[in-house]
Amino acid sequence: MKSDKFTDNHTEDDDRLENKILQSCPVCRRDQGNPPRGKMFCHNWLSDIPGNKADFDMVEVQFKNTRKGFYLNSLHLPLEIGDMVAVEASPGHDVGEVTLTGYLVERQMKKANMKPDAEVRRVLRKARQADLDRYEEAKAKENDTMIRARKIAEDLHLNMKIGDVEYQGDGNKAIFYYIADERVDFRQLIKVLAEAFKVRIEMKQIGARQEAGRIGGIGPCGRPLCCASWMTNFVSVGTAAARFQDISLNPQKLAGQCAKLKCCLNFEVDAYVESVKRMPSKETRLETADSTWYHFKYDVFKRLITYSTDKSIPANLVTITADRAFEVIALNKQGEKPLSLLPDDSQKPGDRKVYADLLDQDNISRFDKKKKKRKPKQKQADGNAQPSSQQQPREQRQERKRRDGDKRRQRQQSRNNATETGAAPQNKKDE
């Protein structure tokens, strides 16, 4: 947001100066709608405790995208979260943003499995305006460099995809992130890239999950990708996780935007594994007096099991609780066979009331008033009117049906006699 001090005499130079100030200030960048990415942000919950910054001399510095590093503040600079600093690099120096200070940096280093004998580089200084200018110039070349590098790799017939390019803060080095399904000999590519861009080249291979995390996107659940928002490490996902949760093994539904199995398949698999331990085995058969029952499916959280009389197809499905299944198994071990799977004193699970369809709540006609059918009023005159056929006792209805049948038989007999004698019928009903 522009300052109120600018008046009508505002010039283009003032605009350029103001943009530089906004770009150089991390707080202003966040106010402009560029907050730190979810998995890169670490809240310093010790910030209001006095003396916690002097306990540790290491600081955490964040660079472009997902790259972070730990640097020694040997000069004891008064660094705060959000300060832009120049740090040692090979070669030259790099520019990054301080994201964490104090005792929490030690905790983050342990979490990152940083070895004690690893090389530790230093913080050189707080970034000057000249450092920030070179840093912005280097960032501006990254997109064009990536497009040209992809063209060069295609001309060299290399089976690889360059997904991103990151320039060092001083512009003397560029890191090319690529993905490949097989081993790639990119020695010739490095020579061509070094001649084309006049910088030192470093190739870094990443997986399909890391590439999806760097690019970002929206998942089928409607939320940002977990790998781009909060996940920091990736664990292998197997089809066994889908089998434990009784999910259909459909590759189109199980694969994410990285064409690998979705990471969220691992989120609830532990709960399913623990719940399955309290259920009978799928291989266990239940014997009753009338049939043999095989496992068909189960609901691990409601502890309901569905059995079928056929091992290959669903036939005569019966759903019982896990406790009832254990009771039948115990009876079978004793040589006894119950009459049925369902207990005698309980209602069938299939008789439970079915809840309404949740999708019907969006029906536009749900507010329409339904007209109630009025029952016809029965007319009674002085109590002499006969009740309807539905209100008459059963014996009276049967007697009336017998009388009607006798009358029909008499009319039929009279018609037959008239036909034999040649006489005319007595009335129109006999015709």
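When reading the values below, keep in mind they use all heavy atoms of this one structure, side chains included, and skip hydrogens, waters and symmetry mates.
When all heavy atoms of Ser275 and Val300 are compared, the pair lying nearest together is CB-CB, 3.9 Å. When all heavy atoms are compared, the tightest approach of Val165 to Ala174 is CG1-CB, 4.4 Å. Among all heavy-atom pairs drawn from His93 and Ala86, the shortest one is CD2-CB, 4.1 Å. The nearest pair of heavy atoms linking Leu254 to Ala242 is CD1-CB, 4.2 Å. Nearest approach of Val276 to Tyr298, heavy atoms of both residues: CG2-OH, 3.7 Å. When all heavy atoms are compared, the tightest approach of Asn266 to Val235 is ND2-O, 4.2 Å.
Electrostatic pairing of Lys139 and Glu142 does not count as a salt bridge here, judged by no charged N lying under 4.0 Å from a carboxylate O. Residues Lys337 and Asp290 are not paired through a salt bridge, judged by the lack of any N-O separation under 4.0 Å between the basic side chain and the carboxylate.
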Q.
Does Asp94 form a salt bridge (Lys or Arg N to Asp or Glu O under 4.0 Å) with Lys173? I'd like the steps, not just the answer.
A. CA-CA 9 Å; Asp94 204 349; Lys173 178 182 175 182; over 6 Å; no
Q: Give the intermediate values and the outcome of side-chain contact (heavy atoms from CB on, under 4.5 Å) for residues Asn159 and Arg183.
A: CA-CA 9 Å; Asn159 188 15; Arg183 188 177 181 85; over 6 Å; no
Q: Take Ile175 and Glu202 through the side-chain contact (heavy atoms from CB on, under 4.5 Å) test and state the conclusion after the steps.
A: CA-CA 5 Å; Ile175 303 175; Glu202 179 181 349; 3.9 Å; yes
Q: For side-chain contact (heavy atoms from CB on, under 4.5 Å), just list the numbers for Asp406 and Arg408, CA-CA rounded to whole Å, side-chain angles, deciding distance to a tenth of an Å, and then say yes or no.
A: CA-CA 5 Å; Asp406 295 340; Arg408 285 195 297 270; over 6 Å; no
Q) Could you walk me through whether Leu79 and Val85 pass the side-chain contact (heavy atoms from CB on, under 4.5 Å) check? A) CA-CA 9 Å; Leu79 298 179; Val85 293; 3.8 Å; yes
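Residues His295 and Glu283 fail the side-chain proximity criterion, which asks for heavy atoms closer than 4.5 Å. Looking at heavy atoms from C-beta onward, Val269 lies in side-chain contact with Gln245 at the 4.5 angstrom threshold. Taking 4.5 Å as the limit, every side-chain heavy atom of Met84 sits out of range of all side-chain heavy atoms of Val98. Side-chain contact between Glu399 and Lys401 is absent, with no heavy atoms from C-beta onward closer than 4.5 Å. Side-chain contact between Asp185 and Leu158 is absent, with no heavy atoms from C-beta onward closer than 4.5 Å. Under the 4.5 Å side-chain criterion, counting only non-hydrogen atoms from C-beta, Met58 is in contact with Leu72. Contact annotation: the side chain of Asp83 never approaches that of Glu97 to less than 4.5 Å [non-hydrogen atoms, C-beta and beyond]. Within the 4.5 Å cutoff, side-chain heavy atoms of Leu286 are placed close to those of Leu341.
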Tabulate below the donor-acceptor pairs under 3.5 Å that side-chain atoms of residues 304-311 make, not counting sequence neighbours, or state none.
residue	atom	partner	partner atom	Å
Thr306	OG1	Thr319	OG1	3.0
Ser308	OG	Asp310	N	3.2
Ser308	OG	Asp310	O	3.1
Ser308	OG	Ile313	O	3.1
Ser308	OG	Ala315	N	2.9
Ser308	OG	Ala315	O	3.1
Thr309	OG1	Ala315	O	3.1
Thr309	OG1	Asn316	ND2	3.2
Asp310	OD1	Ser312	N	2.9
Asp310	OD1	Ser312	OG	2.9
Asp310	OD1	Ile313	N	3.4

Name each donor-acceptor pair under 3.5 Å that joins a side chain in residues 145-154 to protein atoms two or more places apart or in another chain, with its distance.
residue	atom	partner	partner atom	Å
Thr145	OG1	Lys141	O	2.6
Thr145	OG1	Tyr167	OH	3.1
Arg150	NE	Ile162	O	2.7
Arg150	NH2	Ile162	O	3.0

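Put simply, CD on Gln205 and CD on Gln210 are 10.0 Å apart, with the number rounded to the nearest 0.5 Å. The distance from the CD atom of Glu336 to the OG1 atom of Thr288 is 13.5 Å, given to the nearest 0.5 Å. Of the inter-residue distances, the one linking Glu80 atom CD with Thr101 atom OG1 reads 6.5 Å to the nearest 0.5 angstrom. From Ile190, atom CD1 reaches atom CZ of Arg200 across 10.5 Å, with rounding to the nearest 0.5 Å. Remark: Arg209 CZ to Leu225 CG distance equals 12.0 Å, nearest 0.5 Å. Taken to the nearest 0.5 Å, the CD1 atom of Ile329 stands 12.5 Å off from the CD atom of Gln334.
A side-chain hydrogen bond (donor to acceptor under 3.5 Å, both in side chains) check over residues 252-262, counting only residues at least two apart or in different chains, returns nothing.
Aromatic ring pairs are classed by plane angle as parallel below 30°, tilted from 30° to 60° and perpendicular above 60°; the pair Phe186 and Tyr178 is perpendicular.
For Ser74, the side chain to side chain donor-acceptor pair (under 3.5 Å) test picks out no residue, with sequence neighbours left out. Not counting sequence neighbours, Asp181 has no partner by the side-chain contact (heavy atoms from CB on, under 4.5 Å) test. Every residue was checked against the salt bridge (Lys or Arg N to Asp or Glu O under 4.0 Å) condition with Arg243, not counting sequence neighbours, and none meets it.
Exactly one residue among Lys111, Arg67, Arg107, Lys68 makes a salt bridge (Lys or Arg N to Asp or Glu O under 4.0 Å) with Glu60. That residue is Lys68. Screening Val59, Val105, Val61 for a side chain to side chain contact (heavy atoms under 4.5 Å, CB included) with Leu100, the sole residue that qualifies is Val105.
Thr292 and Glu287 share a side-chain donor-acceptor pair at under 3.5 Å. No side-chain donor from either of Gln412 and Arg409 sits under 3.5 Å from a side-chain acceptor of the other. Side-chain contact annotation: Glu166 with Tyr177, donor-acceptor N/O pair under 3.5 Å present.
Checking side-chain atoms of Arg303 against main-chain N and O of Arg278 turns up a donor-acceptor pair under 3.5 Å.
A 6.0 Å sphere centred on CZ of Phe244 holds no more than 12 heavy atoms belonging to other residues, nucleotides or ligands.
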